[in-house]
Amino acid sequence: MAFLSKNCMQQASSFLRFLVFLLLCPCFALSYDGPSYDYTAYTECKEVPERPLYNGGILQNELPAFKLSRINDASITYKSPAFVLPNLTQDTIYCFSTWVKIQGAESSLVTASLTTDNATYNCVGTVLAQSGCWSFLKGGFILDAPSNLSTLYFQNSAHKNIDIAIASASLQPFTYQQWRTNQQYIINTARKRAVTIHVSDSHGNRLQEAAITIEQISKDFPLGSAIASTILGNLPYQDWFVERFNAAVFENELKWYATEPEQGEVDYSIPDQMLQLIRANQIVARGHNIFWEDPTYTPAWVRNLSGAALKSAVNSRIQSLMSKYKEEFIHWDVSNEMLHFDFYEQRLGPDATLYFYETAHIADPSATLFMNEFNVVETCSDVNSTVDTYISRLRDLERGGIFMDGIGLESHFSVPNLPLMRGVLDKLATLGLPIWLTEVDISSNFDYKTQAFYLEQVLREGYSHPAVNGIILWTALHPDGCYQMCLTDNNLQNLPAGDVVDKLLLEWKTGELNGYTDEHGSYSLHGYLGEYRVSVAYGNRAANSTFSLCPSDETKHFNIQL
């Protein structure tokens, strides 16, 4: 009951803040004609489903029909609930949610799929449904073309005759303008803060018409990119990087195969030089990674070990790396991509990952230990890394006593499904852990302009979600290009994706402000979180100072005396 009460309070607070936002931003208030996005999500299984979001949206009072499905193309068929949806449009973002319960198995992954007049969307949302209680599915879709008649239906991944029940279903459409308005609301409430600067003389008298200049000198939100050893000695690349980013990760240079290619031959000289560059420019860095569960990227000599010899090697790896770089990296990806691969658990037992986290925490208690994984927000078609699978694995670690876990979402996108991405982030946000998009890029299957278009969608979605704490691009520059997506060519001339990044970096920063104090001796602004420099002049008197804008719903008051 306490949880529901808190959740209701959060929704009420969110709604009030949205109204305040519309009042403060009349340009949006005049053009906005849609609902505020509902970030509500649930990860626990409930005896009774909650009420539908948006009061059901366009599914209000709609009861599901039933669709006949075949099991493994066999003669056995079963009925699954479905919604018949007329007149879906192309330029619309559809947010879908429902509660799901199954019968015939203890648990099963249930997938929501969509068929239209000319296409099939195999996955628009998933939930790991249980028998005997209701689980919450949240996702959505964007159509490639309008459809006169579509069917939204549900399938189980167990390929068994499992009965699926749904309740409190909702389908809420948003236009792209409505979606952007809701994004801007979060940016104005979560990424910015109101501040009032008061100017007075030494006697406390207010000084009206004092000239004031305000400049943001650093940003609170970490937005950065991967770098590789190619940045060393390349001064133009270094200047380009430092001018833009306040966060970094080393692409491959800290991975085990790079630091110890042969057993006992440990070499940290390259990451040392990269860290020196980062440190000199006051850029925060993530540690990537301690172990990689994919045997393809495990040192060959490690793949030949087993038992006590392998355990000794992993102990040596943790102690060597963590003692060398203690308190240098804000995060560590401890056991990379453990939902897709299990090299160490196959050889050291099911508690191997738990041991890695425990040992890493003891070695560097200040670092946040992340579970880094792909295909969590990019798609829901990968059964290894659905949002509920990710949450289940995190909870396994928590039950083992893991400290300071962080949610790392690699974010290697093809075509972004924005409502699915947001729905996944909503469910992960209920865990109360830091969430980072750790390796953002767009597939090289697209041309430069298409990459840039999709990149902007992903970056805006990540930056405007209140639970996302930071974003790292996976765009380390090499002579032969980048992993999937480059921001520049080899001459550091922007590609379209680079233009998008520069545009957003400028948009998400408070520009230089010049003005005068009012009759109360005050000057007010709504600025992005971070550090500011302020200069004030009144007659022949002047003063310079700095202040910080940290997250808060309250207006910050800052006093300057001349």
Side-chain angles (χ1 to χ4, degrees), residues 224 226-229 231-232 247-279 283-305 308-338 341-345 347-348 351-373 397 400 402-406 408 410 434 436 438-439 472 474 476:
I227 56 173
S229 59
I231 201 170
L232 298 175
V249 68
F250 302 170
E251 187 179 41
N252 298 312
E253 287 75 8
L254 280 172
K255 292 170 182 172
W256 199 356
Y257 66 75
T259 62
E260 194 178 2
E262 300 294 334
Q263 188 169 14
E265 298 179 8
V266 180
D267 184 0
Y268 294 121
S269 57
I270 297 298
D272 280 351
Q273 295 175 63
M274 295 171 69
L275 186 60
Q276 184 178 2
L277 170 66
I278 292 302
R279 196 187 296 121
I283 294 172
V284 299
R286 304 189 70 250
H288 176 78
N289 52 52
I290 302 177
F291 298 108
W292 196 344
E293 290 286 349
D294 186 347
T296 304
Y297 302 104
T298 301
W301 65 268
V302 175
R303 294 199 299 268
N304 294 326
L305 301 178
L310 178 57
K311 187 166 186 179
S312 175
V314 300
N315 277 332
S316 177
R317 163 68 173 172
I318 295 176
Q319 295 305 327
S320 172
L321 187 67
M322 302 296 279
S323 61
K324 170 72 175 176
Y325 295 115
K326 184 175 183 179
E327 299 179 349
E328 294 281 7
F329 293 97
I330 59 171
H331 305 158
W332 278 106
D333 294 329
V334 178
S335 192
N336 200 46
E337 299 176 355
M338 69 175 80
F341 309 101
D342 60 354
F343 173 82
Y344 294 98
E345 293 200 347
R347 288 156 180 78
L348 297 176
D351 292 332
T353 303
L354 179 64
Y355 173 76
F356 293 164
Y357 276 85
E358 288 175 335
T359 309
H361 172 70
I362 294 170
D364 189 355
S366 67
T368 303
L369 306 183
F370 270 65
M371 180 174 153
N372 197 47
E373 193 56 74
L397 295 174
I402 296 304
F403 300 90
M404 299 189 301
D405 292 319
E410 292 186 13
W436 280 56
T438 57
E439 304 179 16
I472 300 288
W474 202 251

So, for [X] and [Y], which heavy atoms are closest and what is the spacing to 0.1 Å?
X      : Y      : value
Met322 : Ala363 : CB-CB, 3.4 Å
Glu253 : Thr259 : O-CG2, 3.4 Å
Ile278 : Ala285 : CG2-CB, 4.2 Å
Ala247 : Ile472 : CB-CD1, 3.7 Å
Trp301 : Glu260 : NE1-O, 2.9 Å
Ser320 : Val266 : OG-CG1, 4.1 Å

Separation between [atom1] of [X] and [atom2] of [Y], rounded to the nearest 0.5 Å:
X      : Y      : atom1 : atom2 : answer
Ser316 : Gln263 : OG    : CD    : 8.5 Å
Ile290 : Phe370 : CD1   : CZ    : 12.5 Å
Phe341 : Tyr297 : CZ    : OH    : 8.0 Å
Thr438 : Glu373 : OG1   : CD    : 9.5 Å
Ser335 : Asp342 : OG    : CG    : 9.5 Å
Phe356 : Asp351 : CZ    : CG    : 11.0 Å

Between [X] and [Y], is any pair of side-chain heavy atoms under 4.5 Å apart?
X      : Y      : result
Asp272 : Lys324 : yes
Leu348 : Lys311 : yes
Ile330 : Thr368 : no
Pro365 : Lys326 : yes
Tyr344 : Thr353 : no
Leu254 : Trp332 : yes
Asn336 : Glu410 : yes

Contacts of His288 that satisfy ring-ring contact (aromatic ring centres under 6.0 Å, His included) - sequence neighbours left out: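 Only Trp474 meet the ring-ring contact (aromatic ring centres under 6.0 Å, His included) criterion with His288.
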
Which of parallel (below 30°), tilted (30 to 60°) and perpendicular (above 60°) describes His331 and Trp436?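 Correct class here is perpendicular.
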
Centroid-to-centroid, Phe329 to Phe250, below 6.0 Å?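 Between Phe329 and Phe250, the centre distance is under 6.0 Å.
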
Intermediate values then yes/no, side-chain contact (heavy atoms from CB on, under 4.5 Å), Glu345 and Met338: CA-CA 9 Å; Glu345 293 200 347; Met338 69 175 80; 5.7 Å; no

Main chain of [Y], side chain of [X]: is a donor-acceptor contact present, judged purely on distance under 3.5 Å?
X      : Y      : value
Arg317 : Phe291 : no
Thr298 : Trp292 : yes
Asp364 : Glu327 : yes

CA sep, side-chain torsions, deciding dist, call: Tyr268, Leu275, side-chain contact (heavy atoms from CB on, under 4.5 Å): CA-CA 10 Å; Tyr268 294 121; Leu275 186 60; over 6 Å; no

Under the side-chain contact (heavy atoms from CB on, under 4.5 Å) rule, what do Glu358 and Ile402 come out as? Steps first, then yes or no, please. CA-CA 6 Å; Glu358 288 175 335; Ile402 296 304; 4.2 Å; yes

Test Asn289 against Asn372 for side-chain contact (heavy atoms from CB on, under 4.5 Å), laying out the working first. CA-CA 9 Å; Asn289 52 52; Asn372 197 47; over 6 Å; no

